[in-house]
Every structure is written in C-alpha cells, then in structure tokens.
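Heads up, the thing below is written out as structure tokens.
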Amino acid sequence: MNIGHIISNLDKNLDNLTDIYGVQIYIFLFLVVYLKTAFIVLTFLPGDSIVFASAALAAVGELNLWILLALFIFVTISGDSQNYYIGTLIRKWQQKNRG
C-alpha cells in the first residue's frame with residue numbers, strides 16, 4: 001500500500017491507522033489538515049472527511065474529543081494565517097513587478 005492510496009482513502013483507513021500508530025495519529029491529522037489549509041495547491045488532500053472520521057472515532061472512544069477539538073481549531077487558524085500571508089507576499093510581488 002503506497003502513501004498516495006493511504007492519503008486518498010484516509011477517512012476509510014483512519015481506524016486502522018489509529019490502531020497501528022496510536023497517539024502519533026494526532027500528528028498525522030495535524031499535518032494533513034495543515035497542509036490542506038495552508039497550501040492552496042494541496043486541495044486534493046482529504047479535509048472534511050478527515051474531520052468527520054476523526055469525530056466518529058472520538059465518539060467510540062478511540063480518539064480524545066478534546067484533543068481533536070483543540071488540534072483542529074489550532075491547525076485551521078494557523079494554516080489559514082499562513083495561506084493569507086502567502087497571498088500577501090504574492091500580491092506584493094505582483095505589484096512590485098508591474099512597474
């Protein structure tokens with residue numbers, strides 16, 4: 001199983017990955033949501049489905065709901081801020097090169 005298959009089917013494999021990696025799954029969830037939010041070119045990464053799958057695992061007790069809540073709030077704010085900063089840099093660069 002390659003990494004592309006794992007990421008594209010992350011919502012379906014999240015239960016298995018949680019069993020395999022334990023608490024390290026929080027780092028993986030952080031990275032996937034951060035990369036999707038912070039970099040516009042990575043929109044192919046799963047977003048909403050990850051949140052729903054994580055919440056389902058929290059509902060059955062496999063993940064901690066409070067850690068997920070704090071993680072997703074922090075990661076979306078920081079990813080959005082970085083995306084805004086990148087957009088600001090691109091706008092300044094375009095204005096500078098216009099003339």
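Side chain of Asn97 to backbone of Trp93: a donor-acceptor contact under 3.5 angstrom is found.
For Leu68 against Ala55, the heavy-atom pair with the smallest separation is CD1-N, 4.4 Å.
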Show me the side-chain donor-acceptor pairs of residues 18-32 shorter than 3.5 Å, one per line, residues at least two apart or across chains.
| residue | atom | partner | partner atom | Å |
| --- | --- | --- | --- | --- |
| Thr18 | OG1 | Leu14 | O | 2.7 |
| Tyr26 | OH | Asn64 | N | 2.7 |

Requested in this report: Quick one: do Gln95 and Arg91 satisfy side-chain contact (heavy atoms from CB on, under 4.5 Å)? Show the steps, please.
Outcome: CA-CA 6 Å; Gln95 289 173 348; Arg91 184 181 67 225; 3.8 Å; yes
Report task. Given side-chain contact (heavy atoms from CB on, under 4.5 Å), test Thr37 with Asn83 step by step and report yes or no. Result -> CA-CA 7 Å; Thr37 308; Asn83 200 359; 6.0 Å; no
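Tyr85 OH to Leu89 CG: the interatomic distance, rounded to the nearest 0.5 Å, is 4.0 Å.
Both Phe74 and Leu63 belong to a common hydrophobic cluster when Ile, Leu, Val, Met, Phe, Trp and Tyr are linked at side-chain heavy-atom distances under 4.5 angstrom.
Listed by chain and number, the hydrophobic cluster partners of Trp66 are Leu69, Ile73, Ile77, where partners are ILVMFWY side chains within reach of under 4.5 Å, directly or through others.
Checked against side-chain contact (heavy atoms from CB on, under 4.5 Å), Ile90 has the following partners two or more places apart in sequence or in another chain: Ile86, Gln94.
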